[in-house]
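Predicted model, so just to flag it, every value in this text is computed and none were measured. Every chain is numbered from 1 and lettered A, B, ... according to where its sequence line falls, protein lines coming before strand lines.
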Protein chains: 2
Amino acid sequence: MAKTVKNSKRRMDALTLERIVDAAIELLDSEGENRLTFRALAARLETGHGAIQWYVPNKNELLKTATKTAVSAVVTQASPGTAPHDAIRALALGLFNAMDAHPWVGRELIGSPWQPTMLWIFELIGRQVKALRVSSDKQFTATSALVTYIIGAGGRESANSRAPEASGNRQELLDAMATVWGHLDPNEYWFTRTMTEQLRRHDDREEFLAGINLILDGLETTHLPLHELELPT
Amino acid sequence: MAKTVKNSKRRMDALTLERIVDAAIELLDSEGENRLTFRALAARLETGHGAIQWYVPNKNELLKTATKTAVSAVVTQASPGTAPHDAIRALALGLFNAMDAHPWVGRELIGSPWQPTMLWIFELIGRQVKALRVSSDKQFTATSALVTYIIGAGGRESANSRAPEASGNRQELLDAMATVWGHLDPNEYWFTRTMTEQLRRHDDREEFLAGINLILDGLETTHLPLHELELPT
DNA sequence: ACCTGAACACCGTTCAAGT
DNA sequence: ACCTGAACACCGTTCAAGT
């Protein structure tokens, strides 16, 4: 305290990359993606908008850093004892929650799949895939499929939170969509119409995990004819 | 011909929504998403930029219409005789190709999952899921999972085409990424490192379809203990 | 009905100038 | 080293004015 006061030329709350990123995340969460501007950030941080650019070269970089921060807050490594299936589900759900809480994360992750954050996700999922004893020539495919599915679901979830109809709560949005589905042309949309009630009642996380389970189950399918399987005695 | 010439006050190539959308798609494909501006469009169509707004109210609507046009050009209904598995793979691959050819489509579809185009995709996939005789309480889950995976893969593919490293051909990009993977810290990325060669050699469409197959296989898993299965005699 | 382009209120980014 | 804000080159959108 005394130190900062003594150095009177310095503001107590000096600008740091961390403070900038935190403020950016707050702004992204509360105001949305296209309300994050250097000028708005500068106002919130009580500085000039050019000053921010000294720490972060451009808006793209700012978004990347914010994404990394938001994701790594949720994604932790599995505790050693966990079964691979459960570890994958936990990881997936963590990512889903992060993208649900921060609607801009999904869009950003999908928009630049080669960025370090994606690589880290790939690594963590891949380790568990390997622990599942998936044959080595299928590990790449399996990990890719899981990551693709997770990011796809997160992207959709992100978009849902930004839906124009989502001003109210979630059930209102679902009811509104269900009403639309119920009124679809029975000739053109005979399948979707029958799903109206499922849409209204579904739980996002349950459906998400059910999809993960489908992929995990698919991984165990050997495609051998049954009589070649080792049956439990 | 004579008709249009006679009516001399009218330009031969009158502005229509269709011409606007076609020009927008060309611009999106060749110049990228953020090079599509009303001013650039107006220049290409040799008109004022305000004129376009008479046909399409804003840029969002223009993107939606362009997406619908690009997708419906590839997505056709399955021919009656096709087996459901094959129909799903064909649909999925068609969508993948569309998103590969038009890198902006993936981003747009994922960005607004409640739009009519997404509903139509859901319908077409759902019909085949039903034809697979998936039990009725799983049809919603199965269709959602497939659509989520397809869109996720398309989104990634879209991003890859826009990758800064993708200026050259695809193999150059893969080689560059493989080099990065090969140089990763063996302690932090011990799994990903082992996937370097798989990354370099993988085929996007094969991997994509392999993921579809995982989900389809998962759908057939009954979760009954083996001794309760009907074994072939 | 359809088209034009000036005008407005924003942006991201650069940069000379300050401390 | 760090901060400031004017300046520039763009945007999307609106709209009075034309044909």
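- Between D100(B) and R205(B) there is a salt bridge, with a side-chain nitrogen of the basic residue lying less than 4.0 Å from a carboxylate oxygen of the acidic one.
- In this model, a donor atom of one side chain and an acceptor atom of the other lie less than 3.5 Å apart for E123(B) and T192(A).
- Inspection of the S144(B) and E207(A) side chains reveals no N or O donor paired with an N or O acceptor under 3.5 Å.
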Could you write out DNA chain C as a dot-bracket string, with dots for unpaired bases, | for bases paired across to another strand, and Watson-Crick or G-U pairs counted at under 3.5 Å? ||.|||||...|||||.||
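- What separates CG of L41(B) from C1' of dG5(C) is a distance of 16 Å, to the nearest Å.
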Can you check side-chain hydrogen bond (donor to acceptor under 3.5 Å, both in side chains) on D29(B) and W104(B), steps first, answer last? CA-CA 8 Å; D29(B) 287 345; W104(B) 41 277; 2.7 Å; yes
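- The aromatic ring centres of Y149(B) and Y149(A) sit 6.0 Å or more apart.
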Protein heavy-atom contacts under 4.0 Å, written 5' to 3' over nucleotides 11-17 of chain D as B (base), S (sugar-phosphate only) or - (none), form the string BBBB---
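- Classification of the W120(B)-Y189(A) ring pair by plane angle, with boundaries at 30° and 60°, yields perpendicular.
- Taking the six-membered ring for Trp and the full ring otherwise, F191(A) and W181(A) have centroids separated by 6.0 Å or more.
- Listed by chain and number, the residues in a side-chain contact (heavy atoms from CB on, under 4.5 Å) with R44(A) are A23(A), E26(A), L27(A), S30(A) (sequence neighbours excluded).
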